[in-house]
**Q** 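Okay, here's the structure, questions in a sec.
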There are 2 protein chains.
Amino acid sequence: MDKEKEILAAALKLFVEFGFHGTPTSKIAKEAGVANGTLFHYFKTKEDLIVGLYIRIKENLNGYLLSKVDDQSTLETRMKTIYEESLQWALIHRDEFYFIQQFHFSPHLAKVSAEDIEKQTRLHVGLLGEGVKSKIFKSLPVGLIGTILGSQLYGVYQYLVSNDLSASKQKQVIDETFVLLWEMITNIKQ
Amino acid sequence: MDKEKEILAAALKLFVEFGFHGTPTSKIAKEAGVANGTLFHYFKTKEDLIVGLYIRIKENLNGYLLSKVDDQSTLETRMKTIYEESLQWALIHRDEFYFIQQFHFSPHLAKVSAEDIEKQTRLHVGLLGEGVKSKIFKSLPVGLIGTILGSQLYGVYQYLVSNDLSASKQKQVIDETFVLLWEMITNIKQ
DNA sequence: GTCTATATCTCGATAGAC
DNA sequence: GTCTATCGAGATATAGAC
């Protein structure tokens, strides 16, 4: 692993444990096994490091989801894939997932450019627009469906990590909660 | 307003805008109109101030909800009251609500005692337990219902603040999303 | 690119008069 | 309880050798 990646990995680990404030750049450099000055060679400021870490993590998540979604399948299948794989990714990358939330409730969020945000949400926005246009979804504001979906995803994640379930139990919860969600937002009646 | 309250109000405002790290105690004292040393008279450390602020805000929210819930009414009515009034409180106390989330994704969360957490969740835990016991809820883990409820509440809040709706439109969204939620977690079929 | 050494600054917290 | 003044620690960022 090159030094830049070592720095990012060390920063992630320490930020999640001690917060942005509680993590001096000197500790990050030490944990990464590089000199203090080297950190500032790769990232001009501490904030650059924080924002850069956030963008890379989101790119990883999005790339993972894109690799899992089959464009040929139905909307329901694609949405289920996004739902399921987002949770699987979050369970495997817990520090990364926590960091995303931590970052969202920090003033650093304001430093992310509009283009980066658009890139990060394109996949989800496209699917939701399709659901509304095709009348598969209930006639609710698309923004409302999006936030409900996102927040349920996060809620289920919280449940999964706070209860140490077996992999098969985890899968069962993910499947069941997707059905609940799908029944809630679509017109399909049981 | 006494000095202690001035300090807390100033701290809330600045923490929300600049984060915990970006807010020195000197700025809090200045904003509150007190001397630097006075802040440390009321709060031994900066962390004491942060945690104290969190506990007071949660007490305010809980006190508000308790004052709105009528113990004599049905479970559905009580749950709807909690849902609706939580959102109304959040909309009126936006800084406070943001601060709660910000605090939850910070290392300061670990400094809250188990007793304080129990106090803060007693009302919700009681209602959920009642719903499961009386079989009004689907046979899902109570923890799962709780996190889904909490996360949908937060999601709807996000939607309400990011779309500047009229009071009546807000009320409509709150009512509609409660129905969606209630249908999702209960056995009642349409 | 990477290191060591360090400049510069700011912050949290304290001491002590009133 | 409240203020002024300040200490000491530790932070970010830079300079310059290799």
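Throughout, a chain's letter reflects where its sequence line sits, starting with A, and its residues are numbered from 1. What's counted below: heavy atoms across the whole structure, side chains too, no hydrogens, waters or symmetry copies.
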**Q** Tell me if the CG atom of B/Asp2 is crowded by more than 12 foreign heavy atoms within 6.0 Å.
**A**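 Count over threshold, so yes.
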**Q** According to salt bridge (Lys or Arg N to Asp or Glu O under 4.0 Å), who are the partners of A/Glu115, at least two apart in sequence or on a separate chain?
**A**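 Once residues adjacent in sequence are excluded, A/Glu115 has no partner under the salt bridge (Lys or Arg N to Asp or Glu O under 4.0 Å) criterion.
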**Q** Can you sort out the partners of B/Thr74 under side chain to side chain contact (heavy atoms under 4.5 Å, CB included), two or more places apart, ordered by chain and number?
**A**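 So B/Thr74 forms a side chain to side chain contact (heavy atoms under 4.5 Å, CB included) with B/Glu76, B/Thr77.
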**Q** List every contact pair, protein side and nucleotides 6-8 of chain C side both N or O, where the distance is under 3.5 Å.
**A**
none

**Q** Can you name the side chain to side chain contact (heavy atoms under 4.5 Å, CB included) partners of B/Ile57, sequence neighbours left out?
**A**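 B/Ile57: side chain to side chain contact (heavy atoms under 4.5 Å, CB included) contacts with B/Leu12, B/Leu53, B/Trp89, B/Glu96, B/Phe99, B/Ile100.
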**Q** I'd like to check the side chain to side chain contact (heavy atoms under 4.5 Å, CB included) partners of A/His21; sequence neighbours left out, ordered by chain and number.
**A**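 With sequence neighbours excluded, A/His21 shows a side chain to side chain contact (heavy atoms under 4.5 Å, CB included) to B/His21, given in chain and number order.
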**Q** Closer than 4.0 Å, any side-chain N/O of B/Lys27 to the OP1 or OP2 of C/dG12?
**A**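 So the side chain of B/Lys27 is outside the cut-off, no N or O lying under 4.0 Å from OP1 or OP2 of C/dG12.
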**Q** Within residues 38-57 of chain B, which residues have any heavy atom lying less than 4.0 Å from an atom of DNA chain D?
**A**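 Under 4.0 Å from DNA chain D: B/Thr38, B/His41, B/Tyr42.
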**Q** Quick check on contacts: within residues 8-24 of chain B, what sits under 4.0 Å from DNA chain C by heavy-atom distance?
**A**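 Of all residues in residues 8-24 of chain B, the ones placing a heavy atom under 4.0 Å from DNA chain C are B/Thr23, B/Pro24.
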**Q** Side chains of A/Gln172 and A/Glu176: any donor to acceptor distance under 3.5 Å?
**A**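 Yes, side-chain donor-acceptor contact under 3.5 Å.
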**Q** Partners of B/Tyr159 by side chain to side chain contact (heavy atoms under 4.5 Å, CB included), sequence neighbours excluded?
**A**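 Listed in chain order: A/Pro141, A/Leu144, A/Thr147, B/Asn163, B/Leu165, B/Val173.
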**Q** Under the rule for salt bridge (Lys or Arg N to Asp or Glu O under 4.0 Å), what residues qualify as partners of B/Glu17, not counting sequence neighbours?
**A**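 In terms of salt bridge (Lys or Arg N to Asp or Glu O under 4.0 Å), with neighbours along the sequence ignored, B/Glu17 is linked to no residue.
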**Q** My understanding is that only residues two or more places apart in sequence, or in another chain, count here; which of them pass salt bridge (Lys or Arg N to Asp or Glu O under 4.0 Å) with B/Glu4?
**A**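 Testing B/Glu4 for salt bridge (Lys or Arg N to Asp or Glu O under 4.0 Å), a comparison that skips the adjacent residues, returns B/Arg56.
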**Q** Using the salt bridge (Lys or Arg N to Asp or Glu O under 4.0 Å) criterion, which residues pair with A/Glu130? Sequence neighbours excluded.
**A**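 With sequence neighbours excluded, A/Glu130 shows a salt bridge (Lys or Arg N to Asp or Glu O under 4.0 Å) to A/Arg78, given in chain and number order.
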**Q** Report yes if the side chains of A/Glu84 and A/Lys171 come closer than 4.5 Å at any heavy-atom pair, otherwise no.
**A**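 Result yes, sub-4.5 Å side-chain heavy-atom pair found.
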**Q** A/Thr177 and A/Tyr83: side-chain donor and acceptor closer than 3.5 Å?
**A**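 Yes, a side-chain donor-acceptor pair sits under 3.5 Å.
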**Q** Using nucleotides 15-18 of chain D, report all nitrogen or oxygen pairs with the protein that are shorter than 3.5 Å.
**A**
none

